[in-house]
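In what follows, chains are A, B, ... by sequence order, proteins preceding strands, each numbered from 1.
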Protein chains: 2
Amino acid sequence: MMQASATAEQDAPSARQQAVLDAVLGLMVEDGEQVTMDAVARRASCSKETLYKWFGDRDGLLTATVRWQASRVHAGHDAAQVLDGATLRERLQDFAVTWLEVITGPTSVALNRIAIAHAGSRKSNLGGIVLANGRFAIGERVKPVLEAGRAAGLLAFADSEAAFRTFFGLVGRDIQIRLLLGETLDLDGAGIRRDAGRAVEQFLAIYGRAKPDPNHQL
Amino acid sequence: MMQASATAEQDAPSARQQAVLDAVLGLMVEDGEQVTMDAVARRASCSKETLYKWFGDRDGLLTATVRWQASRVHAGHDAAQVLDGATLRERLQDFAVTWLEVITGPTSVALNRIAIAHAGSRKSNLGGIVLANGRFAIGERVKPVLEAGRAAGLLAFADSEAAFRTFFGLVGRDIQIRLLLGETLDLDGAGIRRDAGRAVEQFLAIYGRAKPDPNHQL
DNA sequence: CGAATGCCGTACCGTACCGTACGGTACGCG
DNA sequence: CGCGTACCGTACGGTACGGTACGGCATTCG
């Protein structure tokens, strides 16, 4: 009579529940529109009754799935201290590569499609969860690096949020919207690294200070 | 026994049909998920039978709606020839403002949501239509300007497509994805103009050839 | 061993919605 | 006038899907 629903509570889902959520992700990737309760139950070899006991309703199941996927995207926070130019480039490049790998992945595309379709109606915003764990999470990880770069005199900007948004735009460009709208553009690892490098260089062309220059104004 | 379906044919829809399509757009903006054939018929004061005669099926109706909206977004093509720095800035600024106004508009958000949700399944890609009339249409209009700027010695780039994609990223940044995911970020005209100006200056910082016009600082 | 629990499989219900059919009305034309 | 055409309003069938109920099995625990 226990087994709190994994939706309301923030408990990590059990192993069996994780298997169910992975089944949902699999269905989403195959065809976002056929994520029906019957299909999930069949795919996960569980009964619909169990689905409803664990997740409340279909919305709870989708929410739990989004959370579950988000929980394993998070890479480790690593604090960087003093930066030289090469290290800054490297860190930004890493972020750009990671981000591009995420948004071009089929799971991300499927999940964003679901969340966007859901955002049209009011109920329980998957969009907020996706944003919090995607766009905003990466922002909170990049901004300290940018600020460290500024502290080291390598970058010049007033607002780290604005600077990050520019970085975000330079990295992603039109890739995400094109993928979401169904275009199949294949980026291999080399292409992603090339794209990331270009974005970093362009970012430095805008915000870079030529030399470590300890007179930071604004 | 005529009245070719407005879907298969490329005929412009009749006035009455346009009213129907506007009703669909209205429903999409209000709540993307309640665009049902009954609701459209009620809203447009027409019978479902007529809807099916005109548009074939629900997919045809949605496709016709996307085309209809696309048909009136197109601004006039205007060929510019020789550019000086101020004119180039102005043209780019205009494009940026227009684009931001489009993607922040509720109709665009609703339409993109529908198209993205639809892109998950195979049938009749609204995504392709939206891309062709949004992202790609603006690209084809911007690239000649960029090339004219290059011809005038104001810009330096090898690939106009790549340069445009950078411009696209600098203008849009994270705005579209955040709106699609349900965030309500309100940009008034002044905010859009400010954003557009920033994007143009950043673009020139990357691709600009040192040409006088010292009224910018960032 | 017997009861309780947790879960699977499946049948079932209500509803929403796509697509069609049918009756009724206004209008143009021979 | 009578007929055809185009359309509105509505009712209806079929179906897919969300959510519930029930029988059966395996495991755990008293």
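In the set dA11(C), dC7(D), dG9(D), dC7(D) carries the atom at the smallest distance from any side-chain atom of Trp54(B). With dG19(D), dC8(C), dC17(C) as the candidates, the nucleotide lying closest to the side chain of Asp57(A) is dG19(D). When distances run from any side-chain atom of Lys53(A) to the nucleotides dG19(C), dA6(D), dC7(C), the shortest one goes to dC7(C). The side chain of Ser47(B) lies closest to dC8(D), out of dT20(C), dA11(C), dC8(D). Closest to the side chain of Arg16(A), out of dG18(D), dC17(C), dC8(C), is dC8(C).
dC18(C) atom P lies 7 Å from atom NZ of Lys48(B), rounded to whole Å. Atom CZ in Arg58(A) sits roughly 9 Å away from atom P in dC17(D) (whole-Å rounding). With rounding to whole Å, Tyr52(A) atom OH is found 7 Å from dT20(D) atom P. Here the P atom of nucleotide dA16(D) and the CZ atom of Arg42(A) are 12 Å apart, to the nearest Å. The separation between Phe55(B) atom CZ and dG19(C) atom C1' is 16 Å, rounded to whole Å. The interatomic distance linking Asp38(B) (CG) with dA16(C) (P) rounds to 11 Å, in whole Å. Rounded to whole Å, atom C1' of dC8(C) lies 16 Å from atom CD of Gln17(A). The CE-P distance, from Met37(A) to dA16(D), rounds to 18 Å in whole Å.
Once rounded to the nearest 0.5 Å, the distance linking OH of Tyr52(B) with OG of Ser47(B) reads 11.0 Å. Distance OG1/Thr65(A) to CG/Leu126(A): 9.0 Å, rounded to 0.5 Å. Going from atom CD of Glu147(B) over to atom CZ of Phe164(B) covers 12.0 Å, rounded to the nearest 0.5 Å.
With hydrogens and angles left out, the side chain of Glu49(A) and the base of dC22(D) share a donor-acceptor pair within 3.5 Å.
Aromatic ring pairs are classed by plane angle as parallel below 30°, tilted from 30° to 60° and perpendicular above 60°; the pair Phe203(A) and Phe167(A) is perpendicular.
Across the interface with DNA chain D, nearest-nucleotide mapping of Ala41(B) and Val35(A) shows Ala41(B) to be the residue nearer the 5′ end.
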Can you check side-chain contact (heavy atoms from CB on, under 4.5 Å) on Thr50(B) and Lys53(B), steps first, answer last? CA-CA 5 Å; Thr50(B) 302; Lys53(B) 190 195 298 186; 5.5 Å; no
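Under 4.0 angstrom from either OP1 or OP2 of dC8(D) there lies at least one side-chain N or O belonging to Thr50(B).
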